[in-house]
Amino acid sequence: MKATNLYFPTLREAPSDADIVSHQLLVRGGFIRKLAAGVYTYLPLGWKVHQKIAEIVRQEMNRIGGQEILMPALVPLELLEESGRDKVPVLFHLKDRNERDFCLGFTHEEVIADLARTDIQSWRQMPLYLYQIQTKFRDEPRPRGGLLRVREFTMKDGYSLDFEDAGLDSIFEKNHEAYARVFHRCGMEFVAVEADPGAIGGSENREFMLLAESGEDSVLQCERCGYGVNAEVAEIRPKPITVAAPDSVPSAEVVDTPGAHTVEQVCQFLKAAPQQLIKTILCRSGDRVVAALVRGDRDLCLPKLGKAVGEGLNFELADSETVERVTRAPVGFAGPVGLSGVEIIADPEVLEAADGITGANQPERHLVHVQYGRDYTATQVADIRTAGAGDGCPKCADGHYRQMNGIEVGHIFKLGLRYSKAMGVCFQDETGQNREIIMGSYGLGISRTVAAIIEAYHDEDGIAWPISVAPFDAVAIQINSDDPSQTKAAEAIYHACRSSGVDMMWDERNERPGVKFKDADLIGIPIQVVIGRGIMQGKVEIRLRSEKGHQEEVVIDGAPLRIAEIKADLLNQLKPD
RNA sequence: CGGGGUGUAGCUCAGUUUGGCAGAGCGCUUGCUUUGGGAGCAAGAAGUCGCCGGUUCAAGUCCGGCCACCCCGACCA
């Protein structure tokens with residue numbers, strides 16, 4: 001493609017609404033444009049990258065026996081009523097002219113289930129693995145971060161149909177391996193982690209996190225055994241607890257702490273360490289209210305609290321009215337001592353506080369010298385705090401977690417019978433029995449992967465795409481568009497490259513050299529060929545976007561071959577296995 | 001949904017305090033010069049100052065309402 005014909009409106013400055021790197025570079029480089037919050041147009045360069053990633057995913061899905069289909073984005077709401085997902089908050093609703101309810105698909109378990117219940121009658125028709133690469137719609141509470149969290153995005157979503165558990169286990173692991181190959185081919189490091197299954201449900205699930213500083217998910221991995229888990233749900237290996245002796249500290253005492261409602265303020269006021277504080281957090285699940293106790297320097301983990309209390313309860317922080325009703329004090333002064341009418345769930349670390357500080361359940365007052373066993377007890381002691389770096393791994397004897405930031409780009413689920421049961425998706429097994437189909441669901445966000453790759457591959461000048469996903473393999477930068485000898489050389493290289501399978505952009509614009517260099521760096525094409533002053537000696541320069549300062553001079557005729565070699569080398573480095 | 005912020009040329013932003021001709025830089029158009037890291041000179045085009053209403057002789061500026069966008073939180077398949 002000649003640059004004069006290519007629509008790539010680059011910008012010198014990033015728009016003010018972009019504050020993360022991938023968003024800024026995508027807009028500055030002319031890859032995307034915003035239409036509304038969380039809704040973007042892909043311009044030619046952006047769409048090429050998108051298609052390259054989609055094609056890698058497609059190849060790897062086909063490799064494990066997947067068959068590509070395309071389901072509608074427009075889905076009758078009544079289908080989701082069958083599974084009970086019609087009330088999911090991120091669902092986009094609409095009505096047709098006859099006032100019938102529809103929604104825009106946010107994931108397609110129900111559609112696959114509907115397909116399966118009409119077409120699959122026998123165990124002989126399975127296993128099946130069907131997938132699609134399609135636009136998804138989610139009315140996110142807060143779209144943000146350019147392509148990272150949007151309301152309309154592209155996802156590969158695959159669904160497996162099996163007649164036995166072993167088949168589900170097998171396709172689940174095959175997807176894991178295929179995802180590993182996809183990310184490797186995109187040049188990305190990832191960690192597969194256990195996670196909260198959320199609204200999709202099912203027995204087992206695994207998230208795929210691409211590692212990036214700016215990632216908004218906290219990922220923990222055991223440095224010893226490699227066990228990975230999302231910090232949201234990570235358990236901590238129990239360690240021995242020493243409850244302080246009851247008489248080793250003075251009696252509990254109420255002190256005035258005017259204006260101190262936060263851990264930081266209380267610590268400052270009482271000249272105490274956060275570890276001494278016992279945070280008392282009131283949580284609600286329906287009508288049930290519990291008080292959760294964690295050490296002042298720790299965070300409460302709501303999913304773990306729900307798990308500890310049981311019944312798979314979904315807890316949320318209690319509103320201030322509830323807090324005031326239960327503690328008879330404003331938010332910020334709750335404490336376990338004398339707290340009645342609610343269950344008290346304590347994290348084990350809290351018991352170790354020999355000389356604790358808690359809210360006094362009175363306005364502007366705290367209790368000091370508080371001790372577990374003497375001044376209060378818990379209904380239940382359970383691991384309910386958010387895990388972090390250095391905490392013990394629950395899967396091995398002596399490993400500890402290290403913490404990384406990740407971007408969730410894939411999530412796979414063993415759904416089991418969750419949808420088959422709700423929607424009556426049955427088949428006849430070899431004994432003639434009617435049984436429900438065993439399902440699995442496997443998502444991979446294409447557009448989010450685009451952003452994640454940029455988060456990992458950029459410098460102060462712009463993007464440095466891995467060649468497997470780059471919008472072009474190479475760019476020919478012609479320094480002077482008026483110089484006939486440069487034009488002749490550039491044209492020869494351009495045509496030779498194209499016929500040898502190298503996708504080249506030829507920048508023959510009548511612009512200052514600096515503009516062309518800046519644009520080439522910004523849009524991140526891996527191989528740069530500079531056709532300029534060396535032309536007198538019949539030479540051009542070849543540079544790599546990812547290795548600033550490195551360049552080689554080659555004769556004009558030799559350039560296409562060398563460029564093809566470099567492309568093959570770069571691709572080779574991204575080969576899986 | 002709660003808290004905070006922003007809305008003026010394609011982009012980045014002044015101007016709003018104290019009401020009085022609609023501004024700058026970048027980009028764009030034309031011409032000449034220039035061509036190895038976002039060129040120089042000259043001439044130009046470009047605006048419903050987010051929208052609606054109000055106050056006023058006069059509103060980008062003051063008042064009321066609404067909308068959009070961004071950030072923090074809640075939420076998040």
Side-chain angles (χ1 to χ4, degrees), chain A residues 9-20 23-24 27-28 30 33-39 80 83-85 87-91 105-110 136-146 148-151 153 155 157 195-202 205 207 216-217 230 232 283-284 302-303 314-320 331 408-413 415 418-419 441-445 448 460-462 477-483 486 507-522 528-536 540-541 543 548-549 551:
Chain A
T10 55
L11 301 172
R12 192 184 290 244
E13 288 172 284
S16 56
D17 61 6
D19 63 346
I20 71 163
H23 186 188
Q24 291 173 347
V27 175
R28 279 193 58 209
R33 287 292 181 263
K34 183 168 76 178
L35 181 62
V39 181
L80 301 211
S83 64
R85 291 208 297 181
K87 297 288 192 297
V88 168
V90 295
L91 207 57
F106 70 117
T107 172
H108 280 69
E109 281 78 5
E110 288 84 354
K136 292 285 184 282
F137 299 87
R138 294 181 189 180
D139 193 0
E140 289 288 345
R142 182 142 89 90
R144 72 190 104 156
L148 280 179
R149 182 170 294 277
V150 289
R151 298 195 291 175
F153 61 98
M155 186 164 101
D157 50 322
D196 184 354
I200 287 190
N205 76 97
E207 271 179 347
E216 54 181 12
D217 285 304
N230 192 313
E232 278 177 358
C283 301
R284 202 171 52 104
L302 287 170
N314 260 332
F315 277 98
E316 57 185 16
L317 295 184
D319 53 74
S320 53
V331 174
E408 180 196 343
V409 293
H411 205 160
I412 64 179
F413 303 84
L415 299 174
R418 156 84 174 81
Y419 294 89
S441 156
Y442 315 88
L444 197 164
R448 192 178 267 191
E460 61 283 358
D461 291 316
I477 302 170
Q478 182 180 343
I479 298 298
N480 187 341
S481 60
D482 291 336
D483 181 336
Q486 285 187 21
D507 194 348
E508 27 63 288
R509 290 176 300 168
N510 183 16
E511 287 286 354
R512 306 280 302 180
V515 173
K516 300 189 220 188
F517 285 127
K518 288 287 183 192
D519 274 347
D521 285 350
L522 176 60
Q528 302 178 341
V529 185
V530 184
I531 297 137
R533 60 191 166 211
I535 209 72
M536 311 301 266
V540 297
E541 294 151 29
R543 303 175 176 183
K548 277 289 164 66
Q551 71 173 49

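As the structure is a prediction and not an experimental result, all values here were calculated from the model. Letters go in sequence order (proteins before strands), and every chain restarts at 1.
Out of U35(B), C71(B), C69(B), the shortest distance to the side chain of Arg142(A) is found at C71(B). Among G38(B), C71(B), G36(B), the nucleotide with an atom closest to any side-chain atom of Arg144(A) is C71(B). The Pro141(A) side chain lies nearest to C75(B) when the options are C75(B), G38(B), U35(B). Relative to the side chain of Arg512(A), the nucleotides U34(B), C69(B), G38(B) differ in distance, and U34(B) lies closest.
Side-chain atoms of Glu541(A) come within donor-acceptor range of the base of G36(B), with a qualifying N/O pair under 3.5 Å. Not a single donor-acceptor pair, N or O on each side, falls under 3.5 Å between the base of G38(B) and the side chain of Arg509(A). Side-chain atoms of Asp521(A) and base atoms of G37(B) include a donor and an acceptor less than 3.5 Å apart.
In terms of modelled atom types and a separation under 3.5 Å, the side chain of Arg28(A) and the main chain of Leu11(A) share a donor-acceptor contact. Checking side-chain atoms of Gln486(A) against main-chain N and O of Asn480(A) turns up a donor-acceptor pair under 3.5 Å. Looking only at distances, no side-chain donor or acceptor of Arg149(A) sits under 3.5 Å from a matching main-chain atom of Arg142(A). In this structure, Asp507(A) contributes its side chain and Arg509(A) its backbone to a donor-acceptor pair below 3.5 Å. A side-chain donor-acceptor contact under 3.5 Å links Arg448(A) to the backbone of Leu148(A). Judged by distance alone, with hydrogens and angles left aside, the side-chain atoms of Asn510(A) form no donor-acceptor pair with the main-chain N or O of Asp482(A) at under 3.5 Å.
Taking atom CG of Asp483(A) as the reference point, atom P of G36(B) lies 11 Å away to the nearest angstrom. Here C1(B) presents its P atom at 11 Å from CG of Asp139(A), a figure rounded to the nearest Å. Atom CD in Gln24(A) sits about 14 Å away from atom P in C70(B), given to the nearest Å. Atom CZ in Arg138(A) sits roughly 9 Å away from atom C1' in C76(B) (whole-Å rounding). For the pair Ile479(A) CD1 and G38(B) C1', the interatomic distance rounds to 13 Å; values are reported in whole Å. For the pair Lys518(A) NZ and A39(B) C1', the interatomic distance rounds to 14 Å; values are reported in whole Å. Distance, Lys516(A) NZ to U35(B) C1': 8 Å, rounded to whole Å. Atom pair Gln478(A):CD and U35(B):P shows a separation of 15 Å (rounding to whole Å applied).
Pairing of G36(B), defined by two Watson-Crick or G-U wobble distances under 3.5 Å, is not identified with any nucleotide. A 3.5 Å limit on both hydrogen-bonding distances identifies G50(B) as the Watson-Crick or G-U partner of C66(B). Nucleotide C76(B) forms a pair with no other nucleotide shown, judged by Watson-Crick or G-U wobble geometry with both contacts under 3.5 Å. Across all strands shown, G31(B) forms a Watson-Crick or G-U wobble pair with C41(B), both key distances being under 3.5 Å. Pair assignment for G19(B): none, as no Watson-Crick or G-U wobble contacts are both less than 3.5 Å. Nucleotide U61(B) forms no Watson-Crick or G-U wobble pair with any nucleotide shown, as no partner meets the under 3.5 Å limit on both distances. In this structure, C26(B) forms a base pair with G10(B), meeting either the Watson-Crick or the G-U wobble geometry with both donor-acceptor distances under 3.5 Å.
One C1' atom belongs to G25(B), the other to C63(B), and the distance between them is 34 Å to the nearest Å. Annotation: G3(B) and C49(B) have their C1' atoms spaced 28 Å apart (nearest Å). Distance noted for atom C1' between U18(B) and A59(B): 14 Å (whole Å). With both ends at atom P, the span from C70(B) to A58(B) equals 38 Å, rounded to whole Å. A42(B) and U6(B): their C1' atoms are spaced 38 Å apart (whole Å). Taking atom P on both nucleotides, G65(B) is separated from G5(B) by 16 Å, rounded to a whole Å. One C1' atom belongs to A45(B), the other to C28(B), and the distance between them is 8 Å to the nearest Å. If you take atom P in U8(B) and the same atom in G4(B), they sit 22 Å apart, rounded to whole Å.
Heavy atoms of Gly38(A) sit nowhere under 4.0 angstrom from any nucleic acid atom. At the heavy-atom level, Arg33(A) lies nowhere under 4.0 Å from the strands shown.
For the pair Thr107(A)/Phe413(A), no side-chain contact is recorded, criterion being any heavy-atom separation below 4.5 Å from C-beta on. Side chains of Ile412(A) and Ser441(A) form no contact here, defined as non-hydrogen atoms less than 4.5 Å apart. Put simply, the side chain of Gln551(A) does not reach to within 4.5 Å of the side chain of Val530(A), judged on heavy atoms.
Residue Lys34(A) places at least one side-chain N or O closer than 4.0 Å to OP1 or OP2 of C70(B).
Between Arg85(A) and Glu109(A) there is a salt bridge, with a side-chain nitrogen of the basic residue lying less than 4.0 Å from a carboxylate oxygen of the acidic one.
Both Leu91(A) and Thr10(A) lie near RNA chain B, and the one whose nearest nucleotide falls closer to the 5' end is Thr10(A). Comparing Glu140(A) and Arg12(A), the nucleotide of RNA chain B nearest to each residue sits closer to the 5' end for Arg12(A).
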Show each protein N/O and nucleotides 10-14 of chain B N/O combination with a separation under 3.5 Å, one pair to a line.
from	atom 1	to	atom 2	distance (Å)
U12(B)	OP1	Ser16(A)	N	2.5
U12(B)	OP1	Ser16(A)	OG	3.4
U12(B)	O4'	Glu13(A)	OE1	3.4
U12(B)	O2'	Glu13(A)	OE2	3.2
C13(B)	OP2	Ser16(A)	OG	3.1

